Structures are given as structure tokens and as C-alpha cells.
Amino acid sequence: MIDGLKQRKEEVLRLYEEKYLPFKEKYGDNTDRNNLETKRTNIANGKFILMVAGEAKSGKSTFINAFLGVEILPMDVKQCTSALIEINHGEEISLEAVYADGREKSIIGEQEVREFLEKHAALSDNYRKIPVTSINNEILIKSKGRIRESEVHDLIKNVKDDNIFNLPPDEFERLIWDYITEWKDKWQELVTQIKIRYPFSEEMRNITMIDSPGVNAAGYGRGYNQQLH
């Protein structure tokens, strides 16, 4: 799939240079040359985005670690919480994180990055059956810890379809309240963005890998797609 994208990009750029530009030069058309050059540059610089998605604890991080050849993502009984983890090429292993209150943190070094992820970007296994990303984005971060009970009740109604484990409604609601209670006074410590740099091989440098939160833990699709932008 990755090789196929690279071949198609090269073919499009070749046709543009060898076929279209000579035709335009000879016969002319009404197409804006600057606009075309912008599109050509975007195609040339475009990255292949490889998202690894699935249920929590289904081996996503294990797969990415094997792919990278280094155990950098946590693989224990925990799972990633608020943030997608985006992995791009860099000259050395490093991490950039953004907290819910806007603070930024930069870390360099394989061991340091691993320790940060294990400490700050993992969720207790107790909460892997509730839509944590929705709770973080729509309650904890949005309200800055000043929780209104009516907002929580509204969220619980809105995330009923995210109860994919079919927990009894009272248990599902209790876990949501437990999570909110645990985090309402430390919402600033929630990590909302994580970008990792890793020295990819030459042929892999146009790839962006994304380790997604567990489908069931994230409330997949709610408070989620915007993290890709």
C-alpha cells in the first residue's frame, strides 16, 4: 500500500512535468500556473498517513513498536487516553506534548520518551470501557474542572451508543462519574496532543503513523476526528 502510493505520486509528478507542462506551453489554457505549482508541491510533499486503530489492548502499540524496532509505546495493562500519538521522522527520538491548559513539553531520548508516555499518557484499566476522550474534551477540559451536574447528565445521554461492552446503565454511569471525580481537580494534567519524532529509514520518511486511543475507550468518533488536524 505504501509502495503503491509512492509509485502513484511519482507517476502523477512525471506526467505533470513531461506531458502537461509542454502541452500548456505550446497550446496554452486558462489554468493558473501558480495554483498548479502549489498543488504539485503539495503532492510532492504529501505524507502517507498510517492509522493503527482497534479496540483497547488489541495490540496496536505492540504492532507499532515492532514496526519501529524499539519498545517506545506502553504495552502493559494501560492504554493511551486523550491524545492520538502521531509519529513522524526526526533525526533523533523526541516527543512534543501539549497539556489541556496549553502548556507544552519537549523531551529528547528514547528512555525519557518512554517514561513520559507511561506516566502521563496512559489510562487506568478501570476506565477502559467508558468514552474517556469524550469525557475529557466535553466535560473536564471544556469546563476547566468547574463541573456542572447537568452537563454530565447530558453527556451520559449522548454517549449511550459508546457503551459497546453493554455495561449495565448504572455501572456505565458510575464509571463516568468516578472518572470525572478523579480528574476534575487535575484536568490541567490531561495530555491532548502527542507528537513523536523517530529516525525512520529513507524510504519511510514520508509516513506519518498514528496510534489511536482504543475504540471503546475513546468514544470512537466523538471528540476524535479533530485531533487529526
Side-chain angles (χ1 to χ4, degrees), residues 1-56 58-73 75 79-80 82-98 104 106-110 113 117 121 133 137 191-215 218-229:
M1 182 168 56
I2 296 171
D3 291 339
L5 176 67
K6 181 179 179 181
Q7 292 170 0
R8 290 184 177 87
K9 281 177 57 175
E10 292 175 349
E11 180 67 7
V12 167
L13 296 174
R14 184 187 67 79
L15 291 173
Y16 176 77
E17 298 287 345
E18 297 179 7
K19 301 294 183 181
Y20 176 72
L21 289 183
F23 174 87
K24 180 178 176 63
E25 184 69 25
K26 184 175 182 178
Y27 298 103
D29 60 27
N30 295 324
T31 306
D32 179 46
R33 177 65 181 268
N34 289 333
N35 184 44
L36 285 174
E37 284 298 315
T38 297
K39 291 181 177 179
R40 186 201 69 79
T41 300
N42 289 341
I43 291 173
N45 295 336
K47 286 182 173 288
F48 182 93
I49 298 178
L50 176 61
M51 173 174 277
V52 183
E55 291 187 359
S58 61
K60 300 186 305 296
S61 296
T62 301
F63 167 78
I64 292 177
N65 286 340
F67 187 89
L68 297 177
V70 57
E71 291 188 6
I72 197 167
L73 300 181
M75 295 188 300
Q79 63 193 38
C80 183
S82 305
L84 298 170
I85 298 180
E86 180 180 311
I87 307 172
N88 293 288
H89 170 71
E91 295 304 316
E92 57 185 342
I93 296 177
S94 63
L95 179 147
E96 295 177 1
V98 178
E104 298 182 1
S106 297
I107 297 173
I108 297 175
E110 177 183 335
V113 168
L117 291 172
T133 296
N137 292 337
V191 178
T192 59
Q193 296 180 36
I194 298 174
K195 292 186 178 181
I196 295 174
R197 300 288 181 182
Y198 180 84
F200 286 144
S201 59
E202 182 69 30
E203 65 273 13
M204 302 295 289
R205 292 183 180 179
N206 283 328
I207 294 176
T208 293
M209 297 190 70
I210 296 176
D211 183 19
S212 69
V215 171
Y220 199 67
R222 197 187 315 275
Y224 179 80
N225 289 334
Q226 66 265 33
Q227 296 185 56
L228 288 173
H229 304 291

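Just so it is clear, the values below take in all heavy atoms, side chains as well, and ignore hydrogens, waters and symmetry mates. In this chain, residues are counted from 1 in sequence order. From a predicted model like this one, the values you see are computed outputs, not experimental measurements.
Remark: the backbone N or O of F200 is paired with a side-chain donor or acceptor of H89 at under 3.5 angstrom.
In this structure, OG on S106 lies 10.5 Å from CZ on R197, to the nearest 0.5 angstrom. Rounding to the nearest 0.5 angstrom, the gap separating the OH atom in Y198 from the CD atom in E91 is 13.0 Å. Taken to the nearest 0.5 Å, the CD atom of E92 stands 12.0 Å off from the CD atom of E110. In this structure, CD1 in I196 is found 5.5 Å from CG in L95, a value given to the nearest 0.5 Å. In this structure, M209 CE and M51 CE are separated by 11.0 Å, a value rounded to the nearest 0.5 Å. In this structure, E96 CD and K195 NZ are separated by 7.5 Å, a value rounded to the nearest 0.5 Å.
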* To do: I would like to know whether N35 and E37 meet side-chain hydrogen bond (donor to acceptor under 3.5 Å, both in side chains); could you show each step before the answer?
  => CA-CA 5 Å; N35 184 44; E37 284 298 315; over 6 Å; no
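Checked against I87 for a side chain to side chain contact (heavy atoms under 4.5 Å, CB included), the options T208, I210, L68, L50 give a single hit: L68.
Under the 30°/60° scheme for interplanar angles, the aromatic rings of Y20 and Y16 are found to lie parallel.
Contact detail for S94 and V113: the closest heavy-atom pair is C-CG2, 3.9 Å.
For the pair L13 and R40, the minimum side-chain heavy-atom distance is below 4.5 Å.
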